[in-house]
Each structure stands twice: as C-alpha cells, then as structure tokens.
Novice: 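Mind looking over this structure? Questions follow.
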Protein chains: 2
Amino acid sequence: MCKDTVIDKMKEAGLRITPQRVHIVELLYQLSHPTADQIYLKMTEKFPYVSHATVYNTLKKLKVIGVVRELSNGDKSSHFEMVETEHWHFNCKVCGEMYDLEAHKNEVLMAYGTNNYAFQVDSFRVEFYGVCAKCNAK
Amino acid sequence: MCKDTVIDKMKEAGLRITPQRVHIVELLYQLSHPTADQIYLKMTEKFPYVSHATVYNTLKKLKVIGVVRELSNGDKSSHFEMVETEHWHFNCKVCGEMYDLEAHKNEVLMAYGTNNYAFQVDSFRVEFYGVCAKCNAK
DNA sequence: ATAGGTGCAAAGAGTTTGCATATAA
DNA sequence: TTATATGCAAACTCTTTGCACCTAT
C-alpha cells in the first residue's frame, strides 16, 4: 500500500488532508515502527509548533480506518506501522530492539528450538486482527 | 508449565516465595490475559491491603525470568499471560476482546482472506521473542 | 540476621481532552 | 461557509519509585 493509496483511504473516510497528516504518513514509511514521540520529534523539524495532540489524534484516526497498526511489547510507549497483510517481528529481550523480519524470516523459523543460529528464539506468538464472531453477528 | 514449575523457576532465580506472589501466579492461570489492574483488584479480595507496587513489581520480575509475557494491543494497559511456546490470539477491532485461539485456530486460518467464516480476519502478524544476533555475539 | 518484599504515597511518563484559533473542502 | 484540524495547556491513567516496616530464607 503506497502513500497515495493511504491518502485516498483517508479521503474516503472523510478525513481532511492537512500538511501535518501527509507528513505523518510519510514518516510512518521512513521510520521503522516509530513511537508517537519519535514521530513527534521528526515532525518538529518540518513543523516546529506541531503538538502531541495532532500526532496522537492522527495516529488514532489512521488506526481506526485500518491503515496503521499500533504495536507494543511492554515498552512504555506504543510503536506504529503501516498495515501490511503479513507481518513478522523479532523482539530482542536483551536490547529491546524490534526487528522487521522480511529478510530473516526463514532464519528465525529455523532458529526456533535450536542453538545454531544468530538469532536465539525462545517463543513466538501469532496475532490475528479483524472482527470476532459475536460482533460479526450483530 | 504448571504452577509448581513456575514457583521452582522463581526460587532458582532467587525470588522469594511470598503469599502475594503465589496468588499472583494463581490469578495468571485463572484469569484470561488480565491487566495489572485486574490482577490487583482480584488480589484485594484475598489481600485487602495489597499495593499496586507489589503487583507491578512481581509481574515485572516474572517477566524477566521468562515465565510471564506482557501483551498489549494499544489498549491503555498491558495484558499478562503465562508464557507457553505457541501462542495464537484473535483481536477484535470492534469490541476489543482478545481471544485465545486454541479451539478456533484452524477456523481463523481458513477465514483469512475469505468472508465465509464467523471470524473476519483482516490481517495478522507474528512476533518472535529471544535474543538478537547482535546481543548473542556479546 | 538480613537481603529482599510489602504497603503507602507521591512522582513520572505517555496519552487524552477542552478550548480558542486556523484551515481544508 | 463551516465542519474539522491544530496548538497549547492542563488533566488523566498507567506504571514506577522512595522509604519505613516487615518477612522468607
């Protein structure tokens, strides 16, 4: 999903396309699953008077219309990323780094349950997102 | 992993086995991925003067020794669960409910990309936990 | 005996809200 | 034109911290 598609979806959803919002979308592509505050800090380079409210508010709306996903792994603050269908992350319990796994996917899968790989994988979980049976029935 | 195994791991890690901590472990089994505050509230039934500090502190230590995992999906507060190797959750974007998927796993997998199932699956992600290559090399 | 845990209260951090002003449509 | 977004500041919620007392080992 490219930037223009995201902006189209925002228009469809009745959201206004402001320069701030466009830049937030751009930063979501540029930065690697940033926190709200990381986006805020980058924003200030282009919009020195941007407020936290704008960043949080926009991220929340992008999430509601389904183009952004909020991630957290028990760090203080949430991370955000553009929604793509398949998603793989590796979370290091030592340094707290969150890796995107497009490149390392097979290596991590192989590493699961062995000690012979650069990544040491202790466990994994799978998260599905959508509408549950109960809400679907309404 | 049963309660006694968890308590053994706590001893091995040099943690003291207090009545409060035993009860927190029990509640982690009884409740379905509770928040810290849900555990705190249940605690007060047995320990009327328990403090938030005790609950948060204990959950953190259980997490560090690897028997508890902290989950979050952008709700205000984190959810906690006992670590088991394979983990599947379904997160409903309408009601916010988090379902354990042992029973529904196949149904959810089938539902991915179709409209013919009770669960409507929009996307998924996979989270691995362990030690990254960089930290492993140290 | 003593290192570590508990309960209390206050502080900290991230996020949200209310409101006046500004702006996209 | 006008409904919506922005920026500011204050409020709110979740989590952590400091400290005196207590307790598991």
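Reminder, nothing fancy here: chain letters follow the sequence lines and each chain counts from 1.
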Novice: Whole Å only: how far is the CE atom of B:M43 from the P atom of C:dC8?
Specialist: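 Going from CE in B:M43 over to P in C:dC8 covers 12 Å.
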
Novice: Counting side-chain heavy atoms from CB outward, which of C:dG7, C:dT16, D:dC8 is closest to B:S51?
Specialist: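 Closest nucleotide among those given: C:dG7.
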
Novice: In whole angstrom, give the distance that lies between atom CZ of B:F47 and atom C1' of C:dC8.
Specialist: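 These atoms are roughly 17 Å apart.
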
Novice: Given C:dG7, D:dT6, D:dG7, which nucleotide is nearest the side-chain atoms of A:R21?
Specialist: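 Of the options given, the side chain of A:R21 lies nearest D:dT6.
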
Novice: Can you tell me how the ring of A:H23 sits relative to the ring of A:F47, calling it parallel under 30°, perpendicular over 60° and tilted otherwise?
Specialist: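 Taking A:F47 first and then A:H23, their aromatic rings sit tilted (interplane angle of 30° to 60°).
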
Novice: Rounded off to whole Å, could you give me the CD-to-C1' distance for the B:E12 and D:dT25 pair?
Specialist: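 Answer to the nearest Å: 17 Å.
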
Novice: If you pin B:H52 and B:L15 to their nearest nucleotides in DNA chain D, which one's is more 5'?
Specialist: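 Nearest nucleotide further toward 5': that of B:H52.
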
Novice: Grab the OH-P distance between B:Y40 and D:dC14 for me, whole Å please.
Specialist: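 The distance from OH of B:Y40 to P of D:dC14 comes to 13 Å, rounded to the nearest Å.
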
Novice: From the set D:dA24, D:dT15, C:dG7, return the single nucleotide nearest to any side-chain atom of B:A36.
Specialist: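 Within the option list, the nearest is D:dT15.
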
Novice: Look at A:T35 and C:dG14 and indicate whether a side-chain polar atom (N or O) is within less than 4.0 Å of OP1 or OP2.
Specialist: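 No.
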
Novice: In whole Å, I'd like the distance from the CD atom of A:E70 to the P atom of C:dG14.
Specialist: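 Atom CD in A:E70 sits about 14 Å away from atom P in C:dG14.
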
Novice: It should be established whether B:Q20 places a side-chain nitrogen or oxygen under 4.0 Å from OP1 or OP2 of nucleotide C:dG7.
Specialist: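 Yes, such a contact exists.
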
Novice: From the set D:dT6, C:dG7, C:dG18, return the single nucleotide nearest to any side-chain atom of A:N57.
Specialist: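 For A:N57, the side-chain atoms sit closest to D:dT6.
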
Novice: Find the distance A:L59:CG to D:dT6:C1' and express it as a whole number of Å.
Specialist: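 A:L59 atom CG is separated from D:dT6 atom C1' by 15 Å.
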
Novice: If you check every side-chain atom of A:T54, which of C:dT15, D:dT6, C:dT6 has the closest atom?
Specialist: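 Of the options given, the side chain of A:T54 lies nearest D:dT6.
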
Novice: So, A:T44 side chain and A:L41 main chain: donor-acceptor pair closer than 3.5 Å or not?
Specialist: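 Indeed, once roles are kept as given, a pair shorter than 3.5 Å links the two residues.
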
Novice: Less than 4.0 angstrom between a side-chain N/O of B:K61 and OP1 or OP2 of C:dG5, yes or no?
Specialist: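 Result: yes.
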
Novice: Do NZ/NE/NH1/NH2 and the carboxylate oxygens of B:K42 and B:E45 come within less than 4.0 Å?
Specialist: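 Yes, charged N to carboxylate O under 4.0 Å.
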
Novice: For a quick test of reading the model: is some side-chain N or O of A:R16 closer than 4.0 Å to OP1 or OP2 of C:dT23?
Specialist: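 No, no such contact exists.
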
Novice: Can you identify which nucleotide, out of C:dT16, D:dT15, C:dA25, has its nearest atom closest to the B:S77 side chain?
Specialist: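 Nearest to the side-chain atoms of B:S77, counting from C-beta on, is D:dT15.
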
Novice: Closer than 3.5 angstrom, by distance alone: can the side chain of A:R69 be matched with the main-chain N or O of A:K63 as a donor-acceptor pair?
Specialist: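 No: the side chain of A:R69 does not pair with the backbone of A:K63.
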
Novice: If the cut-off is 4.0 Å, is A:Y56 near the phosphate of C:dT15, judged by side-chain N/O to OP1 or OP2?
Specialist: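 Affirmative; the distance criterion is met.
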
Novice: Do the side-chain N and O atoms of A:E70 and A:S78 include a donor-acceptor pair separated by under 3.5 angstrom?
Specialist: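 Yes.
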
Novice: Tell me the interatomic distance from A:Q38, atom CD, to C:dG14, atom P, rounded to whole angstroms.
Specialist: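 Atom CD in A:Q38 sits about 11 Å away from atom P in C:dG14.
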
Novice: What nucleotide, of C:dG7, D:dT6, D:dA24, holds the atom closest to the side chain of B:A53?
Specialist: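 Shortest atom-to-atom distance from the side chain points to C:dG7.
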
Novice: Measure from the side-chain heavy atoms of B:K60 and tell me the nearest of D:dT25, D:dT16, C:dT17.
Specialist: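 Of the options given, the side chain of B:K60 lies nearest D:dT16.
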
Novice: How many Å lie between CD1 on A:I24 and P on D:dA5, as a whole number?
Specialist: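 Rounded to the whole Å, the gap is 12 Å.
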
Novice: Would you say the side-chain atoms of B:H79 pair up with the backbone N or O of B:H33, donor to acceptor, closer than 3.5 Å?
Specialist: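 Checked: pair present.
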
